[in-house]
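The block underneath contains the structure these notes are about, expressed in structure tokens.
Worth saying up front: this structure is predicted, and the values here are computed from it rather than measured. Here is the naming used below: chain letters follow the sequence lines, and residue numbers restart at 1 for every chain. Hydrogens, waters and symmetry mates are skipped; everything else that's a heavy atom, side chains included, is used.
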Amino acid sequence: MPAEVKQEQSPSNATSLAMMQEPQEMVEETVTIEEDPGTPTSHVSVVTSDDGTTRRTETKVTKMVKTVTTRTVRQMPLGPDGLPLPEGSSPLGSYTDSIDRRYMKNGGDRFITPQATSTLTRSYNNSYNDSYGETPESQYIRHYGLHDGYADLTDNYGSLSRGVNFRPPRYPYLPSNYRPENSYTLPIRKDDYGHVAQPQVPMGSSTVDLNRSQPERFQPEPYGLEDDRRSLGPEEEEPYELEPDYSTANRRTLQGANRGRTHREPLRDGPRVRGYPDESIEAELIDERHPYIHGMYSAPLAQPERGSMASLDRMGGRRSPSIDSIRKDPRWRDPDLPEVIAMLGHPIDPVKSNAAAYLQHLCYENDKIKKDVRQLKGIPVLVGLLDHPKSEVHRKACGALRNISYGKDNDNKVAIKNCDGIPALVRLLRKTNDMEVRELITGTLWNLSSYEPLKMVIINHGLQTMTNEVIIPHSGWEHEPNEDSKPRDAEWTTVFKNTSGCLRNVSSDGAEARRRLRECEGLVDALLHALQSAVGKKDMDNKSVENCVCIMRNLSYHVHKEVPGAEKFHDPSALQAPGSAGPQRKKKDDAGCFGGKKAKEEWFNQGRKNGENDKNYDTLDLPKRAEPSKGFELLYQPEVVRLYLSLLTESQNYNTLEAAAGALQNLSAGQWTWSNYIRATVRKEKGLPILVELLRSDSDKVVRAVAIALRNLSIDRRNKDLIGSYAMRDLVSNLPSGQQRPAKNLEEDTVVAILNTIHEIVTDSSENARSLIQAQAIEKLVAINRTSQSARETKAASHVLQTVWSYKELRNALTKDGWNKSHFQPTVTTTPKATKNGKPSYDDTTLPLMEKNQDGYSTIDQRDKDCRDCKYKTGDGSADLTEREPLKNDTNRKHYIRSNRPAVSLVDACDVKPQPVDSWV
Amino acid sequence: MLHVPGDPVTAVTVQVEINKLRYGENLILGFSIGGGIDQDPGQNPFSEDKCDKGIYVTNLTPDGPAEKAGLRMGDKIMQANGWDMTMVTHDKARKILTKKKENVVRLLVTRKSLEEAVKHSMCKWTKQ
């Protein structure tokens with residue numbers, strides 16, 4: 001939608017519209033089609049995808065429209081068949097033909113022909129150049145095309161776009177006749193303009209963005225476990241970097257290119273390719289059509305545009321060609337910015353909407369103008385227009401606000417908020433049923449949500465509305481499902497994408513934001529439903545799914561601390577010395593599959609008695625629920641594990657993968673009943689192999705999230721054994737060897753996360769330490785310890801080494817391999833000698849988030865938080881874990897575990913029902 | 001066949017190349033597999049110690065592509081087209097073998113008769 005505003009686009013759009021009988025539909029299609037040939041679609045998409053915010057929309061639409069229009073106009077006169085029509089066909093005939101053609105193009109092949117592409121350029125040029133160099137007649141021709149369009153629409157069409165193309169031509173030729181009519185234009189426009197414009201706008205933003213954005217979605221967005229970072233990140237980093245490439249750049253290029261040619265041979269490019277004699281053709285066309293044009297379309301139509309919009313185009317300064325012509329004609333001048341803003345208050349509605357649309361165009365990717373608009377107090381006026389009853393007006397105002405709200409200049413966002421723009425947007429969202437307007441509103445909110453201080457404001461004003469108006473209906477979730485109707489699938493609309501993006505951003509605003517979102521009625525239910533529907537349809541790579549998963553992950557963060565009534569589920573034994581499992585749990589466990597009846601599971605019991613953490617896996621006695629859980633309770637129900645695992649298995653979107661792994665990480669952190677159960681459920685659902693496989697992912701952040709998730713999962717004793725046995729190789733393979741990084745070149749955070757995970761796994765398990773040795777890890781660890789440039793890596797590696805060395809029974813093997821005690825000592829540089837008993841002294845700065853009096857598990861959570869902040873300070877959390885569990889039991893435990901090892905597998909046989917033994921292949 | 005993760009597996013293997021047979025819409029290999037790390041190894045009739053969670057050939061279609069290629073019942077599949085098959089879930093193994101894009105499956109298999117022929121020192125048993 002934003003695109004419409006732009007000058008270039010608009011002209012073309014207008015033309016096309018005019019020609020079509022059903023302007024709206026046609027336009028849309030046209031736009032879509034054209035994207036491919038005319039403008040590099042990819043550009044557009046890039047913009048969109050990056051931010052996670054809507055802003056990108058702005059430019060792309062425009063270009064696309066542009067292209068389309070041009071072609072249409074040109075092609076018709078030149079000859080539908082690819083040959084010069086002018087000679088044979090009569091004006092009328094040609095006219096009709098062109099219309100049909102377009103339709104066909106829209107519906108069908110979409111401008112596959114070379115002409116189309118060339119056409120764009122051509123048309124552009126024509127409008128500009130024609131006025132200059134060409135004969136009056138030729139100009140007429142162009143006009144003619146436009147006029148046709150008008151006829152259908154009714155006269156007004158006056159949208160911005162038109163102004164661009166038409167203006168120049170008209171001036172030279174028609175000035176005297178048209179002017180009087182110009183004055184009328186404004187009123188007329190209202191109606192028509194609205195109709196015409198609408199299609200364009202929506203198309204651009206919605207269709208285009210969606211399509212285009214998809215490929216690009218996967219671009220890395222830095223965000224932590226919770227989305228905090230991300231919200232900021234995208235705006236600041238990605239959009240800007242990308243911008244130059246996209247629309248702006250293209251646009252300019254096009255213009256420049258055109259310009260060069262334009263002056264004398266604007267349109268020829270297309271025709272030439274085919275070998276047309278352009279000039280002659282044009283001349284002929286002119287002659288033939290002339291009469292027709294005159295009769296049908298009178299100057300008046302054209303004029304209106306002039307008055308309001310046409311002049312505006314120039315302001316942007318982007319349209320250099322037209323500028324030239326304009327300057328020559330002293331009567332015309334672009335309104336300056338104050339004038340445009342003043343027009344927002346014009347008593348005539350179309351002027352308002354045109355001014356807003358023009359503002360939107362001007363602001364597109366132009367931070368300077370955004371700032372100027374703010375300083376000229378344009379934002380409150382635009383916000384005021386949001387409540388305007390005319391859809392055209394509030395639509396355009398919203399479009400302008402969206403562009404203004406996009407970008408890293410947070411002052412613009414604050415300005416919108418300061419004049420109560422957020423409640424106004426939300427109000428409009430409740431009021432309007434226009435899809436396009438809703439996209440604009442939610443896009444604006446998405447943009448606003450990227451600025452930290454506004455998140456809570458958005459939550460306060462818009463959370464329930466966004467949930468009720470967008471999330472729930474589009475997710476397909478129903479409060480009370482109709483028995484007859486089968487569950488509906490989610491619709492991945494732009495509105496849903498924008499809204500979920502907005503919620504994703506606000507969900508990272510700390511505990512209070514999480515609480516509000518969790519308690520927002522229907523939100524969690526709807527998000528889960530949407531995700532389940534995505535899994536069901538195997539459509540898991542799109543941005544909306546990514547947003548939903550990220551929200552879920554954020555809401556899962558610290559769930560064990562923040563959820564109302566969480567205390568009830570806290571494991572009383574968690575704070576006690578390890579080894580004393582809660583009696584109630586034990587009982588259930590014994591009655592269950594570990595009753596010891598089966599001889600082959602005997603070892604499990606032994607291991608459990610021996611292991612201190614075994615309490616973690618006998619979590620099967622959950623509080624019984626009388627009614628199905630709903631709302632935030634759904635966040636941590638074991639059922640979600642399967643959902644996340646499906647996403648982890650199927651999705652190709654790194655952000656989604658990371659978020660799903662992060663969700664499991666968050667859920668498996670902490671010591672309460674539900675996290676115990678989650679950890680066991682991941683195992684039962686065969687999630688461990690899935691996670692381990694993702695350690696091989698090419699994406700750094702996926703590896704990191706998975707590694708941390710594995711660490712949290714290994715709080716469960718049995719998970720620890722399984723992970724130690726089967727994940728060690730993949731963990732170790734992610735470590736850099738010596739100075740060289742592995743092919744993946746993982747970031748420091750990731751390496752530290754992996755080291756901490758390894759540390760957690762080998763702690764209290766000499767068997768796992770043995771696996772570590774067998775995975776050839778010692779060499780890498782020693783290398784990291786000695787040579788890594790990163791103090792945190794060094795420290796983490798050193799912790800692992802110390803733990804390994806603490807297993808006396810392994811020292812023999814280590815010595816045999818040529819290692820000695822000095823290899824396992826912390827290096828002097830990083831750790832002072834004070835580490836006497838193998839526990840390095842940690843300086844407090846590295847452990848800011850670890851409160852010593854917390855239970856050991858909280859560290860893990862904190863780590864999550866750190867991750868999010870990128871600081872990862874708690875990397876040393878592992879130290880606490882070490883402390884927590886004395887090593888004295890090692891010998892015994894090792895014995896048990898070793899003897900039983902064969903039965904340990906990534907998937908617990910006893911947790912799973914026997915599967916079909918044979919598969920024919 | 002037990003081994004500790006991280007250790008190289010040493011085994012005597014033969015390569016078996018099976019050309020899939022188009023059967024209606026499906027490409028078939030003509031054998032069935034059992035085992036996998038998610039399966040109960042105790043039910044595997046072919047492994048010695050009942051602890052091996054590898055993928056075993058449990059049945060062959062008479063005169064099917066696999067049998068023609070020399071695969072035998074009880075063979076343990078070590079690799080398939082380069083993919084490790086010693087530590088995979090049953091379903092994963094099935095997926096690797098049934099990729100629609102691949103018309104040929106090259107298996108590395110080991111079997112007891114081979115193993116015994118070269119018995120000593122080749123196998124690294126995990127338990128010391």
Side-chain angles (χ1 to χ4, degrees), chain A residues 598-601 603 649 683-690 692-693 696 721-733 761 767-778 809 812-813 898-921, chain B residues 1-8 18 20 23 26-45 47 49-53 55-61 64-66 71 77 80 84 87-99 105 107 124 126-128:
Chain A
K598 298 181 187 174
K600 76 174 192 178
E601 285 169 356
W603 71 275
T649 311
R683 182 177 63 248
K684 286 191 223 169
E685 295 284 347
K686 302 178 198 169
L688 295 178
I690 294 168
V692 170
E693 186 154 322
R696 298 167 203 161
D721 291 339
L722 293 167
I723 293 167
S725 301
Y726 292 100
M728 201 60 95
R729 250 190 318 185
D730 287 310
L731 284 168
V732 170
S733 70
I761 293 170
E767 186 57 27
N768 287 343
R770 189 183 301 276
S771 297
L772 182 71
I773 295 168
Q774 284 159 346
Q776 319 288 319
I778 302 299
E809 66 272 20
N812 247 344
R898 297 216 63 234
S899 61
N900 293 299
R901 166 162 296 267
V904 183
S905 66
L906 268 178
V907 181
D908 261 337
C910 60
D911 282 349
V912 182
K913 290 188 177 175
Q915 295 188 338
V917 182
D918 282 2
S919 295
W920 281 93
V921 291
Chain B
M1 303 304 299
L2 259 194
H3 77 282
V4 167
D7 269 359
I18 307 173
K20 290 186 186 176
Y23 190 80
N26 301 317
L27 290 171
I28 60 167
L29 288 161
F31 66 99
S32 73
I33 55 168
I37 58 176
D38 54 340
Q39 302 295 312
D40 181 0
Q43 297 181 35
N44 182 343
S47 72
D49 50 20
K50 303 300 172 203
C51 290
D52 189 344
K53 299 195 170 190
I55 303 295
Y56 280 80
V57 176
T58 53
N59 257 308
L60 286 161
T61 308
L71 200 67
I77 302 175
D84 173 64
M87 199 149 323
V88 292
T89 61
H90 186 85
D91 201 47
K92 182 75 179 175
R94 190 181 53 74
K95 281 181 184 159
I96 290 172
L97 291 168
T98 55
K99 287 180 181 167
V105 171
L107 300 177
K124 220 183 203 174
T126 38
K127 296 207 173 179
Q128 297 115 354

For the NZ atom of B:Lys92 and the NZ atom of A:Lys686, what is their distance to the nearest 0.5 Å?
14.0 Å

What heavy-atom pair brings B:Thr61 and A:Trp920 nearest, and what distance separates the two atoms?
OG1-CZ3, 3.2 Å

What part of B:Asn26 is in contact with chain A, defined as an atom under 4.5 angstrom from a non-hydrogen atom: side chain, backbone, both or neither?
neither

Is B:Ile96 close to chain A through its backbone or its side chain, or both, or neither, when contacts mean heavy atoms under 4.5 Å?
neither

Measuring from atom CG of A:Leu688 to atom CG of B:Asp38, what distance do you get when rounded to the nearest 0.5 angstrom?
12.5 Å

Could you look at B:Lys20 and say if it's the side chain, the backbone, both or neither that has a heavy atom under 4.5 Å from chain A?
neither

Among B:Val88, B:Asn59, B:Ile28, the residue with the most heavy-atom pairs under 4.5 Å to chain A is B:Asn59

